[in-house]
Amino acid sequence: MTPQEEKEPQILQIMPAQLGWEAVWGSIEEPEKGEPGYFTEPVVCWALVEASDGRRFVTAMAPDLESSELKMMLETGNFLGYANPGYSPNWMKLASNRRSERKSRKA
């Protein structure tokens, strides 16, 4: 790997998020009866980020309760989307669909 490829994404700008924004993640395993099958994390700010390849994108940031620092919430894996008080789709259904897609890809 060249030093360029090893470079961490660089935050270029941060902007506060309005109250109520959340990032939503689907549970990887099937939830127990009565569990929603997804979880949320509060978004405290948005960051304009430059990746090592020069590509720029906006991502949410949330507090890391272990380190007391902000962490980037990159939209990978079981990420379902963002919610705010005016927009909240059926996350249980979206999480269930994502788990079904993963199972069908493995089969």
Side-chain angles (χ1 to χ4, degrees):
M1 287 188 144
T2 67
Q4 181 80 4
E5 292 172 327
E6 295 174 11
K7 189 172 100 176
E8 289 288 317
Q10 181 179 357
I11 296 172
L12 303 175
Q13 184 176 3
I14 293 178
M15 179 178 174
Q18 291 181 333
L19 283 175
W21 277 92
E22 298 176 314
V24 184
W25 306 87
S27 302
I28 295 172
E29 302 296 323
E30 285 295 325
E32 298 290 325
K33 187 173 181 169
E35 295 293 318
Y38 67 92
F39 61 95
T40 63
E41 289 189 73
V43 174
V44 296
C45 61
W46 303 99
L48 173 62
V49 177
E50 185 172 83
S52 60
D53 62 3
R55 181 178 52 91
R56 291 184 177 187
F57 59 94
V58 173
T59 191
M61 295 188 78
D64 184 332
L65 300 177
E66 292 179 14
S67 70
S68 298
E69 296 178 359
L70 289 176
K71 63 180 178 180
M72 280 190 271
M73 296 192 293
L74 300 175
E75 302 162 7
T76 59
N78 57 344
F79 177 76
L80 298 176
Y82 295 108
N84 67 41
Y87 175 73
S88 187
N90 185 338
W91 296 115
M92 287 174 68
K93 182 176 172 111
L94 289 171
S96 178
N97 290 347
R98 181 70 53 88
R99 283 188 295 275
S100 295
E101 288 171 9
R102 284 179 180 239
K103 286 180 188 173
S104 67
R105 276 188 251 144
K106 289 181 180 179

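Here, residue 1 is the first one in the sequence, and each next residue gets the next number.
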Self-check item: Non-hydrogen side-chain atoms of Ser27 and Glu32 separated by less than 4.5 Å
Solution: no
Quiz item: How far apart are the closest heavy atoms of Thr40 and Glu22, and which atoms are they?
Solution: OG1-OE2, 3.4 Å
Quiz item: For the atom pair CE (Met72) and CD (Glu8), what is the distance rounded to the nearest 0.5 Å?
Solution: 7.0 Å
Exercise. Mark yes or no for whether Arg56, through its side chain, and Leu12, through its backbone, hold a donor-acceptor pair below 3.5 Å.
Key: no
Quiz prompt | Minimum heavy-atom distance between Ala62 and Met73, given as atom pair plus value | solution = CB-SD, 3.5 Å
Quiz item: Should we say atom CG of Leu19 is surrounded by more than 12 heavy atoms from elsewhere, each under 6.0 Å from it?
Solution: no
Quiz prompt | Nearest heavy atoms of Pro16 and Trp46, plus distance in Å | solution = O-CD1, 4.1 Å
Practice problem: Kindly compute the distance separating CG (Leu65) from NZ (Lys71), expressed to the nearest 0.5 Å. | Solution: 7.0 Å
Practice problem: Could you grab the distance from atom CG of Leu48 to atom CD of Gln10, nearest 0.5 Å is fine? | Solution: 10.0 Å
Exercise. Say whether Ile14 and Phe57 are linked into one hydrophobic cluster, either directly or through other cluster members, by side-chain heavy-atom distances under 4.5 angstrom.
Key: yes
Quiz item: Aromatic rings Trp25 and Phe39: how do their planes relate, parallel, tilted or perpendicular, breaks at 30° and 60°?
Solution: parallel
Quiz item: What about Tyr82 and Leu80, same hydrophobic cluster or not, with Ile/Leu/Val/Met/Phe/Trp/Tyr joined at side-chain heavy-atom distances under 4.5 Å?
Solution: no
Quiz item: Do any N or O atoms from the side chain of Ser96 and from the backbone of Met92 form a donor-acceptor pair under 3.5 angstrom?
Solution: no
Quiz prompt | Atom CD of Glu101 with >12 non-hydrogen neighbours under 6.0 angstrom | solution = yes
Quiz prompt | Contact summary for Cys45 and Leu70, nearest pair of heavy atoms | solution = SG-CD1, 3.9 Å
Quiz item: Nearest 0.5 Å, what's the CD-CD distance between Glu29 and Glu35?
Solution: 13.5 Å
Quiz prompt | Considering all heavy atoms, the nearest Ala47-Met61 contact | solution = CB-SD, 3.6 Å
Quiz prompt | Nearest non-hydrogen partners of Val43 and Ala23, listed with the distance | solution = CG2-N, 3.7 Å
